[in-house]
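First comes the structure, then the notes that go with it.
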Amino acid sequence: MSVKRSLSIRGHQTSISVEDEFWAELKREAEQRDVPLAALVAQIDAARVPGQNLSSAIRVFVLNVALARKPTA
């Protein structure tokens, strides 16, 4: 289920709506990188393609992380 969550990035409040599974993996990645969740979201925000919404950028980020971890055949 997609849930709307609020957090502050770069000094302004924003909300994102992502599924619980994406949120859990995003939090896991922040922990792995030893950075606050808001800092990781700020990095994703800064790197997103113009016109792409933040929720979509987070999903793509999480997918790319998962694919990078997947062992190659």
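Side-chain atoms are counted along with the backbone in the values below, which use heavy atoms only and exclude waters and symmetry mates.
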Study note, to complete from the structure: salt bridge (charged side-chain N to carboxylate O under 4.0 Å, His left out) filter on Asp34, not counting sequence neighbours, yields none
Review point. Of all residues at least two apart in sequence or in a different chain, which pass the side chain to side chain contact (heavy atoms under 4.5 Å, CB included) check with Ala38?
Key: Leu7, Ile9
Exercise for review: Any pair with a residue in residues 49-68 that passes salt bridge (charged side-chain N to carboxylate O under 4.0 Å, His left out), sequence neighbours left out, goes on the list, sorted by first then second residue, please.
Suggested key: Glu19-Arg59
Point to revise | For Glu25, salt bridge (charged side-chain N to carboxylate O under 4.0 Å, His left out) partners two or more places apart | key: Arg28
Check your understanding: Of all residues at least two apart in sequence or in a different chain, which pass the side chain to side chain contact (heavy atoms under 4.5 Å, CB included) check with Val65?
Key -> Glu29, Arg33, Phe61, Arg69
Point to revise | pair Arg5-Val3: side-chain heavy atoms closer than 4.5 Å | key: yes
Point to revise | Contacts of Glu31 that satisfy side chain to side chain contact (heavy atoms under 4.5 Å, CB included) - sequence neighbours left out | key: none
Review point. If you look only at pairs with a residue in residues 37-55, which of them pass as a salt bridge (charged side-chain N to carboxylate O under 4.0 Å, His left out), with sequence neighbours excluded?
Key: Arg10-Asp45, Asp45-Arg48
Check your understanding: Does a side chain donor of either Ser2 or Ser17 reach within less than 3.5 Å of an acceptor in the other side chain?
Key -> yes
Review point. Do the non-hydrogen side-chain atoms of Leu26 and Val18 ever get within less than 4.5 Å of each other?
Key: no
Review point. Going by heavy atoms in the side chains, are Ile16 and Trp23 under 4.5 Å from each other?
Key: yes
Exercise for review: Name all residues meeting the side chain to side chain contact (heavy atoms under 4.5 Å, CB included) criterion together with Ser8; count only those two or more places apart in sequence or in a different chain, and write none if there are none.
Suggested key: Gln13
Practice item. Flag yes if Leu37 and Leu63 sit in one hydrophobic cluster, no otherwise; membership is Ile, Leu, Val, Met, Phe, Trp, Tyr, and two members link when side-chain heavy atoms are under 4.5 Å apart. Key: no
**Study point:** Val60 vs Ile44 side-chain heavy atoms within contact, under 4.5 Å
**Key:** no
Point to revise | Residues which pass side-chain hydrogen bond (donor to acceptor under 3.5 Å, both in side chains) with Asn53, listed by chain and number, not counting sequence neighbours | key: Ser56
